[in-house]
Each structure stands twice: as C-alpha cells, then as structure tokens.
Amino acid sequence: MEAAERPGLAEDPRPVIIGRDPRQAPRAIVTTANDAARALGIHSGLSAAIALKRAPNALFLPPRRDVYERYSARVMAVLREASPLVEQNSIDEAACAWSHGFESGAALALRARILAETKISVSLGIATSALVAKMASEAAKSRTDHVVVVQPGEEAAFLAPLPVRALVGIGPKAERRVVALGITTIGDLAARPLEELVAQFGRAYGRYLHEASRGIAETELHAERTSKSISAEHTFSTDTTDRHVLWAELHDQAEEVAGRLKQEGLLAGHVAIKLRYANWQTFTRQVRLPQPTDDAETLSRGAAMLMRRNWDRTRAIRLIGLRAGKLVEADHVRQLVLPFE
DNA sequence: TCTGGGGTCCTAGGACCC
DNA sequence: TCTGGGGTCCTAGGACCC
C-alpha cells in the first residue's frame, strides 16, 4: 500500500521496512518489509532494533493505519460490487461468495479491476470453502498471475504437499508439537487417525486439524459479526512504576474504548486490565460492571480498581491495556432498562 | 538495544447447584 | 466420619491470526 502511495518506492533499491524507526521507538517491530530487506532476514514481527542491525541503511516508514484503512475500504467496495456476500476478516483479507465457477478468467478480471481502480495488487484464491480459498490465495502470492483455483474434490491434494505451518491454525507452538510426531506436511497430518490427533491436541483442536488438513471446512460465509471485545493497549518505551503515567494511560485507553463502543452501538458488561512486567510475565484481571456501559469514566474507574488490587508496585510495567468485554447491543439493553426508569 | 496492537477461540479449574 | 456426578457459569492464561 505504501508503494501505491509513494511513487518510486517500489523501485527503491534500499531495504524498506514498514515499522517505526528503532532510533525513535526502541521497542518497535517490523510490520512488513520489501524484498531487499527480506533478503537480509528481516520479516514481520522482528524487533526493529535487530532489523536496523541487519540493515543499517534501511528506510523505516512508520505504519499509517488510517491510510491503509482507506485503501482497504476501496478494495472492499469493489469486492461488494462483484459479490453478493463479502466477509471481511481483516484490513487486508476478505472471503467472497463467488458465482463464476472454478476457472481463473473471472478472478483474473477481478484482480485487474481492483488494480486499475485502487492501485492495490491483490492475490485471489478460488475454492469450495473460505479456509481452502485463503490458503490458495497464499499460494497465489508467489505466482505471477496472483490467482490459484482449487477444483472441487481437489482440496486435500492441493493441501497435501504444503508444510504443516501453512495450515491456518498451526502457529509456531503447534508446529513444533506436530513435527515432533513426525508430521511435516499437511498430507502427513491428514493421514493420521482422528483419535490420535484428539488424544494429542484435545477435542476441538484435534478435530479441527483432522478435518482442515483434508480440506474439509465450513462452506457457508457469515455476514458481519458484531465485536465481542474492544481493547486498547500500550507498550512503554521504558518500563515504568510511575502511577501517574499508568493512570493517565489507562484513562486515555478508557476514552478510546468508550468512543469505539459508542461508534458500534455497544455496551460493555466487563472491563479488564492487562499488565506485562519487564520479564514479559503477563496478567489479565477482569471485573463485572454493575450495568453495561459505554462511559469512559466507568471503564476507567473499574480499571483503576483492578490496578490497585492487582499491580505489584515494586514491579515496573512494560505494557498496560484496557479491554471492554461481554458486549451487548445498546438498543437491546435500552429496551430492557427503560421501563424501569 | 528482542519481542506492537487489536482481535478470536479454546481449555482448565473453581464455584455453585441439584 | 472422608466425599458421586453432571451441568453451567466465570475467570485467567495461552495459542493463533493479521
């Protein structure tokens, strides 16, 4: 997206890193990086300080979420024109109902249209389920045409050669456990009996691995889901025990979360704090609110109470966060509450 | 100079009830 | 006087995703 915004950036030979400059923000991380930076072992999630060591001449560009959201909205608008049902999963990903069959022509045309109208280059995967289509779109990223179609019935065969880490839901921890069982590809995983996977990984996850690895996934798309939680958090550039700093941060976070609750027409039944100490030990504590609320002061007071009860004041804090949970729709609650007022 | 921020889902353990 | 079993709700922690 930065390349769409900044003429010449795509041709810049330097390593380009989307992420705050660690000389200004010592705890920044890399959001994404161009090919020149990746060639030096720089990838998203890496500490920006380490990235700077690996590429002292790198160009750091701070992430501009507002800009990306504008581009995202434009791309999603094109998708909504092209499909009757669009399930937006993140700022840069959506699953769409697709009525143009399992050949690549219409997908190539859609990609060309998105590029022409928004300057954004997208990758598309076509398959019988959102899960397989998502993995197909990942595979499409390394193709020149940026489109991969998985024919109905070919899901398992498409997945089989991929490394287990490519399966959605297998992260670094699960990868290690799975590989320790001698399973390295999704095909290996698909060959294991359900009972073994359930015994190893628990009921829900074992069943998921068994089905997903065979390309069995839900085929329905879901329209807009309402938020289940809204949160804000902040990592300090140096750890702090200063209660004025901490309370001020919580207060700001309460304002921000309350604003977003109001925007979405939701009320919070719970407020929670999150603390991370210098050694990365992380705590969350939540409390039920007397009544569902979108009031910043109420959230802030609840969070401050949780802090007083749970923060070990001898320990400096690296991260503090506030989360509103147990969300309910404000309209619904008003209907219930008004008759008693 | 190691590790952001905003989310979802699952699990385990305890409280509580019958 | 030693201790069942099932169901539900709640809390906290952790894995994962982008």
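What you see below is based on every heavy atom in this structure, not just the backbone, and it leaves out hydrogens, waters and symmetry mates. Below, chains carry the letters A, B, ... as their sequence lines are ordered, and counting in each starts from 1.
A/H270 and A/Q286 are linked by a side-chain donor-acceptor pair at a separation below 3.5 angstrom, with hydrogens and angles left out of the test. Using modelled atom types, one finds no donor on one side chain facing an acceptor on the other under 3.5 Å when comparing A/Q200 with A/E196. Remark: the A/R111 side chain and the A/S121 side chain contain an N/O donor-acceptor pair separated by less than 3.5 Å.
A/E117 has a carboxylate O that lies under 4.0 Å from a charged side-chain N of A/R113, or vice versa, which qualifies the two as a salt bridge.
In this entry the distance linking NE2 of A/H234 with P of B/dG4 reads 11 Å, nearest Å. Rounded to a whole Å, the NZ atom of A/K274 is 11 Å from the C1' atom of C/dG13. Here the P atom of nucleotide C/dC17 and the CD1 atom of A/I170 are 9 Å apart, to the nearest Å. Rounded to a whole Å, the NZ atom of A/K134 is 7 Å from the C1' atom of C/dC17. Taking atom CZ of residue A/R288 and atom P of nucleotide B/dA15, one finds them 18 Å apart after rounding to whole Å. The nearest whole Å value for the distance from the CG atom in A/N89 to the C1' atom in C/dC18 is 10 Å. If you measure from atom CD of A/Q24 to atom P of B/dT1, you get 18 Å, rounded to the nearest angstrom. The distance between atom CD1 of A/I18 and atom C1' of C/dC18, rounded to the nearest whole Å, is 16 Å.
Aromatic ring centres of A/Y208 and A/F201: separated by at least 6.0 Å.
Taking atom P on both nucleotides, C/dC18 is separated from B/dT3 by 23 Å, rounded to a whole Å.
In terms of position along DNA chain B, the nucleotide closest to A/R318 lies nearer the 5' end than the nucleotide closest to the other residue of the pair A/R318 and A/R203. Looking at which nucleotide of DNA chain B each of A/I50 and A/S231 is closest to, the 5′-most match is held by A/I50.
Between A/R23 and the phosphate of B/dT1, there is no side-chain N or O to OP1/OP2 separation shorter than 4.0 Å.
No engagement by A/L46 is indicated, since no non-hydrogen atom pair under 4.0 Å with the nucleic acid exists. Among the protein residues, A/R165 comes within range of the sugar-phosphate backbone only, with heavy atoms under 4.0 Å from sugar or phosphate atoms but none that close to a base. Residue-level contact check: A/A25 touches neither bases nor backbone, having no heavy atom under 4.0 Å from any strand. A/P63 comes within 4.0 angstrom of nothing in the nucleic acid, heavy atoms only. Across all strands shown, A/R27 has heavy atoms under 4.0 Å from sugar-phosphate atoms exclusively, and none from any base. In this structure, A/A48 reaches neither bases nor backbone, as no heavy-atom distance under 4.0 Å exists between it and the strands shown.
Closest to the side chain of A/K173, out of B/dG6, C/dT11, C/dC16, is C/dC16. Nearest nucleotide to the A/K228 side chain, out of C/dC10, C/dA12, B/dT8: B/dT8.
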